[in-house]
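Labels below follow one simple rule: chain letters A, B, ... track the order of the sequence lines, proteins then strands, and each chain is numbered from 1. Just the heavy atoms: all of them, side chains too, but no hydrogens, waters or symmetry mates, feed the values below.
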Amino acid sequence: MCGRFALTADLQELAAHFGGLDLDRLAPRYNIAPTQPVLAVMAAPTGLPGSNRAPWRAGLVRWGFVPGFIKDPRDFPLVINARSETVFEKASFRAALRHRRVLLPANGFYEWRKAGKGERAQPFFIRPREGGLIAFAGLMECWASPDGSEVDTAAILTTAANAALAPIHARMPVILKPEDYARWLDCRTQEPRAVADLLAPLADEVLEAIPVSDRVNSASQNGPELQLPAEFVPLTAKPQKAPHSKASGRSRPGEDEAPAEPAQTQLSLF
DNA sequence: CCAGACGTTGTT
DNA sequence: GTCTGG
DNA sequence: CCAGACGTTGTT
DNA sequence: GTCTGG
């Protein structure tokens with residue numbers, strides 16, 4: 001599924017990809033974790049004809065969906081995903097699926113391939129082969145606290161993994177093609193059933209998976225080094241304590257460059 | 001009818 | 001093992 | 001998603 | 001709020 005992702009594009013790239021967004025600033029983030037704020041793109045309030053403002057607006061919402069009818073979020077589990085196969089049947093998602101469909105922009109996401117019992121899971125950074133932005137299909141809900149304040153929350157829709165990701169993980173986020181953004185976001189004229197066809201696995205050839213170090217495991221780590229191809233280490237090797245140097249001999253890229261040459265583009269290794 | 005749940009992933 | 005926090 | 005805590009009484 | 005279970 002999708003439990004971590006990255007959004008490192010600048011405002012210009014975001015505006016170009018989505019055809020205009022009303023954003024002031026956005027820090028690059030290489031390790032977005034559940035409960036943190038995530039950028040959500042949604043339909044703008046029905047505008048005046050002739051308005052030249054952006055067709056969509058964007059804002060930060062909490063990653064962890066809370067249905068509107070919940071009294072105390074502490075009584076509700078953290079819901080970071082919604083299964084596209086069953087989302088139409090769930091009371092929790094009903095209103096959001098009808099009225100608050102969103103896109104969650106990303107430059108890629110992380111999946112952990114679980115090895116045998118006792119072995120460490122291997123994280124992969126998964127991104128478009130051509131680079132640039134992708135957009136997850138998401139649902140948003142506004143939760144009203146007893147004291148009158150409001151919190152917007154969101155979940156990412158999931159679907160079966162495509163052939164490219166299946167060796168790593170059985171599920172993947174629903175990633176929409178740019179030509180489908182408008183239909184997904186148009187909750188005014190598109191009934192939920194009319195957008196159900198969009199909730200499908202992405203074409204196999206779009207994404208590549210890069211094995212990365214397990215520094216990404218810790219949600220407190222957040223930097224471009226999280227996307228560097230992991231150095232090759234035999235699977236039997238144990239993690240080193242490295243008592244003298246925490247640098248472990250690896251040089252860092254000083255800048256915010258994604259890896260220029262992924263170590264591999266097929267997943268059938270190991 | 002009322003009571004109680006309301007979610008996903010993964011693992012065995 | 002299970003829950004909470006990021 | 002993974003990491004890290006997981007408890008109480010009473011004292012400074 | 002809405003659905004499922006009894």
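- Between Lys114(A) and Glu119(A) there is no salt bridge, since none of the side-chain N atoms of the basic residue sits less than 4.0 Å from a carboxylate O of the acidic one.
- Residue Tyr110(A) is out of contact with every strand shown, counting any heavy-atom pair closer than 4.0 Å.
- Base pairing in DNA chain D gives the following stems of 3 or more Watson-Crick or G-U pairs, range against range and under 3.5 Å: C:1-6 with D:1-6.
- If you check the side chains of Thr158(A) and Arg171(A), you find a donor sitting under 3.5 Å from an acceptor.
- You'll find that the side chain of Thr158(A) is closest to dT9(B), out of dC1(D), dC6(B), dT9(B).
- Distance from the side chain of Gln36(A) is smallest for dG6(C) among the nucleotides dG6(C), dT9(B), dG1(E).
- As judged by a 4.0 angstrom heavy-atom cut-off over every strand, Pro67(A) is placed among residues making no nucleic acid contact.
- Taking only side-chain nitrogens and oxygens, Lys114(A) comes nearer than 4.0 Å to OP1 or OP2 of dC2(D).
- Here the P atom of nucleotide dG6(C) and the CZ atom of Arg215(A) are 23 Å apart, to the nearest Å.
- The residue Thr35(A) sits close to a base: some heavy atom pair falls under 4.0 Å.
- Nucleotides dA5(B) and dA5(D) have their C1' atoms positioned 28 Å apart, rounded to a whole Å.
- Here dG7(B) presents its P atom at 12 Å from CG of Leu139(A), a figure rounded to the nearest Å.
- Counting heavy atoms from C-beta outward, Pro123(A) and Tyr110(A) have side chains that stay 4.5 Å or more apart.
- Atom pair Phe93(A):CZ and dC3(E):P shows a separation of 15 Å (rounding to whole Å applied).
- Of the N and O atoms on the side chains of Arg127(A) and Asn107(A), not one donor lies less than 3.5 Å from an acceptor on the other residue.
- If you check residues 70-80 of chain A against DNA chain B, the residues with a heavy atom closer than 4.0 Å are Phe76(A), Pro77(A), Val79(A), listed by number.
- Straight-line distance from the CG atom of Leu97(A) to the C1' atom of dT2(E): 15 Å, rounded to whole Å.
- OP1 or OP2 of dT9(B) sits under 4.0 Å from a side-chain N or O of Arg83(A).
- Put simply, CD1 on Ile126(A) is 12 Å from C1' on dC1(D), counting in whole angstrom units.
- The separation between Lys90(A) atom NZ and dT9(B) atom C1' is 13 Å, rounded to whole Å.
- On the P atoms, dC3(C) is 29 Å away from dG10(D), given to the nearest whole Å.
- Distance check on atom C1': dC2(B) versus dT8(D) gives 41 Å, rounded to whole Å.
- With both ends at atom C1', the span from dA3(B) to dG7(D) equals 34 Å, rounded to whole Å.
- Residue contacts for Ala82(A): at a heavy-atom cut-off of 4.0 Å it reaches the sugar-phosphate backbone alone, with no base atom in range.
- Separating the CD1 atom in Ile126(A) from the CE atom in Met172(A) is a distance of 8.0 Å, to the nearest 0.5 Å.
- Here, dT12(B) and dC1(D) have their P atoms 14 Å apart, quoted to the whole Å.
- With rounding to whole Å, Glu141(A) atom CD is found 18 Å from dC6(B) atom P.
- The nearest whole Å value for the distance from the CD1 atom in Ile156(A) to the P atom in dT9(B) is 11 Å.
- When side chains are defined from C-beta on, Leu185(A) counts as touching Trp56(A), because their heavy atoms get closer than 4.5 Å.
- Here the CG-CZ distance, from Asn217(A) to Arg120(A), works out to 6.0 Å after rounding to the nearest 0.5 Å.
- Remark: the separation of the P atoms in dT11(D) and dG1(C) is 38 Å, to the nearest Å.
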Give each protein N/O atom lying under 3.5 Å from an N/O atom of nucleotides 3-5 of chain D, with the pair distance.
from, atom 1, to, atom 2, distance (Å)
dA3(D), OP1, Asn217(A), ND2, 3.1

